[in-house]
Number of protein chains: 2
Amino acid sequence: MARRTKQEADETREALLDAAEHVFLDRGVARASLDEIARFAGCTRGAVHWHFGDKLGLFLALDERLILLQDEMKRRLCSDEAAPPLEHMAESITTALTELENDPRRRRLLTIMLQRCEYVAEMAPALLRRRQADAAIRASLRDSFRRAAERGELSADWPPERAALFLQALIGGFLNEWLRGEADFTLAGEVCAAVRGFLSCTAVKPVS
Amino acid sequence: MARRTKQEADETREALLDAAEHVFLDRGVARASLDEIARFAGCTRGAVHWHFGDKLGLFLALDERLILLQDEMKRRLCSDEAAPPLEHMAESITTALTELENDPRRRRLLTIMLQRCEYVAEMAPALLRRRQADAAIRASLRDSFRRAAERGELSADWPPERAALFLQALIGGFLNEWLRGEADFTLAGEVCAAVRGFLSCTAVKPVS
DNA sequence: GTAAAGATACCTTCGTGTATGTATATAAAC
DNA sequence: GTTTATATACATACACGAAGGTATCTTTAC
């Protein structure tokens with residue numbers, strides 16, 4: 001219809017984002033049609049164009065949701081500068097992975113961004129933001145390892161840069177596997193254990 | 001034209017696959033048009049339909065090339081049952097990564113399969129084969145770790161299953177990062193070093 | 001009244017599938 | 001060794017739907 005109250009308008013907007021989440025997930029971003037998304041949300045393409053302009057706008061708005069979650073993760077990593085860095089990282093990561101595992105919405109979002117979209121030229125703005133978010137996480141990890149090194153808790157075999165790169169690749173690899181769906185492991189279980197296993201490798205060995 | 005010799009026909013087939021490689025890479029599988037691919041190869045859509053039936057057929061034929069490379073990797077892992085397993089794995093992986101890094105074609109293929117295509121329902125056959133190839137690699141890794149365990153060379157902290165999962169996730173994560181293009185590391189350098197770093201973590205520690 | 005919030009209608013572009021045309025390699029027949 | 005027949009290897013043309021953009025209504029909050 002027309003001009004609902006501002007709150008109602010925001011509800012339609014959210015409904016559209018939710019719909020996009022579902023449709024993108026099972027049809028892929030490229031093959032999903034705006035009409036399908038609109039009808040899934042109970043309205044028409046008019047609403048989509050009004051709120052998001054075009055398909056890329058819709059995608060970016062959806063992606064924004066995930067960026068926020070990554071920012072949260074980053075803040076968590078930097079939150080407690082006093083705590084032993086390696087243990088603090090282990091706990092932050094455990095928390096994040098557990099939350100992800102228990103929140104189907106986050107999982108859908110991540111699946112879309114990692115496995116249901118083709119990052120080609122036209123997606124440049126999306127790709128850029130994604131890069132920046134990843135770089136920020138990596139920087140936080142590196143800083144944590146640096147603090148560990150300053151405290152004499154990091155093995156000389158693992159310079160902070162490399163350790164951060166390793167850890168990010170490891171988690172990314174696990175996530176990809178997990179998102180594929182037929183994983184024979186859980187995030188809170190095996191993956192967290194693997195992360196802790198690596199972190200204990202990077203710690204200075206107690207002299208026995 | 002018409003009825004060329006069998007060799008010429010094979011040449012067009014290869015040309016089409018090469019063209020698909022390029023067009024899929026920079027337009028994404030979903031947005032790439034058969035016409036664009038055909039013209040890139042110097043022929044028309046007729047040839048595409050003749051050789052591959054439809055777009056999915058073309059994609060699968062292209063994917064086949066990558067599957068063959070994965071099979072090669074798997075055979076390499078199983079090749080030398082007498083050698084010390086951990087070292088043999090390190091060398092096999094080093095070889096494979098080095099080859100990948102020096103062969104732009106393999107890189108294009110991998111990029112397409114990991115970052116330029118949306119694995120939705122219609123892609124089921126492609127997805128299935130990909131899963132199987134991955135599972136085969138993982139089984140080979142697991143077997144190698146098992147042999148290491150039997151020889152008393154594997155730390156008790158790392159059961160073969162977990163070690164294999166870890167290693168595959170790690171490499172997969174690195175590959176994804178590397179394929180993104182602006183990686184600040186090399187496969188033959190940092191990634192191989194990381195793999196060796198992990199493998200030495202899984203080895204029984206020399207009693208000091 | 002006017003601008004926000006959408007619905008509807010229309011147009012255009014693009015891509016695919018399919019059908020059909022056509023020339024030639026190649027094998028069989030004689 | 002020709003001729004003939006047929007399957008091969010494409011090219012061309014057409015029909016069709018799907019999807020997106022835009023422009024124009026319509027309603028209602030303020």
Side-chain angles (χ1 to χ4, degrees), chain A residues 1-20 22-62 116-118 120-123 125-126, chain B residues 1-20 22-62 116-118 120-123 125-126:
Chain A
M1 320 309 166
R3 173 75 163 153
R4 338 271 294 269
T5 170
K6 201 170 186 73
Q7 182 191 339
E8 282 177 316
D10 280 351
E11 285 171 15
T12 345
R13 195 188 132 94
E14 289 301 305
L16 283 171
L17 284 172
D18 288 345
H22 282 91
V23 177
F24 281 162
L25 184 64
D26 71 62
R27 303 253 305 151
V29 174
R31 321 180 83 96
S33 80
L34 296 184
D35 186 66
E36 193 177 350
I37 293 172
R39 297 220 301 225
F40 192 100
C43 50
T44 69
R45 265 176 48 234
V48 176
H49 285 290
W50 173 255
H51 282 289
F52 305 104
D54 58 5
K55 198 175 183 177
L56 181 59
L58 175 56
F59 178 81
L60 285 175
L62 194 59
R116 295 290 191 281
C117 91
E118 303 167 354
V120 291
E122 322 153 24
M123 304 280 277
Chain B
M1 326 305 167
R3 177 77 162 149
R4 337 272 294 270
T5 172
K6 202 172 186 74
Q7 182 191 339
E8 283 176 315
D10 281 351
E11 285 170 16
T12 13
R13 195 189 131 96
E14 289 302 305
L16 283 171
L17 285 173
D18 289 346
H22 282 90
V23 177
F24 281 163
L25 184 65
D26 72 60
R27 302 253 304 152
V29 174
R31 322 180 82 96
S33 82
L34 296 184
D35 186 65
E36 193 177 349
I37 293 172
R39 298 219 300 225
F40 191 101
C43 50
T44 69
R45 264 175 51 235
V48 177
H49 286 291
W50 171 255
H51 283 288
F52 306 103
D54 58 5
K55 199 176 184 177
L56 180 59
L58 175 57
F59 179 81
L60 285 175
L62 194 60
R116 294 291 190 281
C117 90
E118 303 168 355
V120 290
E122 322 155 24
M123 303 280 278

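The basis for the numbers below is simple: all heavy atoms, side chains too, and nothing from hydrogens, waters or symmetry mates. A, B, ... follow the sequence lines: proteins, then strands. Residue 1 opens every chain.
Atoms CG and NE2, on B:Asp54 and B:His49 in that order, are 8.0 Å from each other to the nearest 0.5 Å. In this structure, A:Lys55 NZ and A:Met123 CE are separated by 9.0 Å, a value rounded to the nearest 0.5 Å.
Not counting sequence neighbours, B:Arg45 has no partner by the salt bridge (Lys or Arg N to Asp or Glu O under 4.0 Å) test.
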Across nucleotides 9-15 of chain C, 5' to 3', mark each nucleotide with B, S or - according to how protein heavy atoms within less than 4.0 Å reach it.
------S

Where do B:Glu118 and A:Arg31 land on the salt bridge (charged side-chain N to carboxylate O under 4.0 Å, His left out) test, with the steps shown first?
CA-CA 9 Å; B:Glu118 303 168 355; A:Arg31 321 180 83 96; 5.8 Å; no

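Between the C1' atom of C:dT26 and the CD atom of B:Gln7 lies a distance of 16 Å, rounded to the nearest Å. In this structure, NE2 of B:His49 is placed 17 Å from C1' of D:dT8, rounded to the nearest angstrom. Between the CZ atom of B:Arg39 and the C1' atom of C:dT16 there is a distance of 15 Å, rounded to whole Å. Atom-to-atom, CZ of A:Phe24 to P of D:dA19 comes out at 13 Å; the value is rounded to the nearest Å. In this entry the distance linking CG of A:Leu16 with P of C:dA5 reads 13 Å, nearest Å. Whole-Å rounding puts the B:Phe52 CZ to C:dT16 C1' distance at 17 Å. Rounding to whole angstrom units, CZ of residue B:Arg13 and C1' of D:dT8 are separated by 15 Å. Residue A:Leu58 contributes atom CG, which lies 10 Å from atom P of D:dG20 at whole-angstrom precision.
Contact check for A:Leu62 versus A:Leu58: no side-chain heavy atoms found under the 4.5 Å cut-off. Counting only heavy atoms from C-beta outward, the side chains of A:Leu17 and A:Glu14 approach each other to under 4.5 Å.
The phosphate of C:dG6 (OP1 or OP2) has a side-chain N or O of A:Thr12 nearer than 4.0 angstrom. Here B:Trp50 reaches the OP1 or OP2 of D:dA9: one of its side-chain N or O atoms lies under 4.0 Å away. Residue A:His51 places at least one side-chain N or O under 4.0 Å from the OP1 or OP2 atom of C:dG6.
Across A:Ala20 and A:Ile37, no two heavy atoms sit closer than the pair N-CG2, 3.8 Å.
For A:Thr44, the side-chain atoms get nearest to C:dA7 when compared with the rest of D:dG21, D:dC10, C:dA7.
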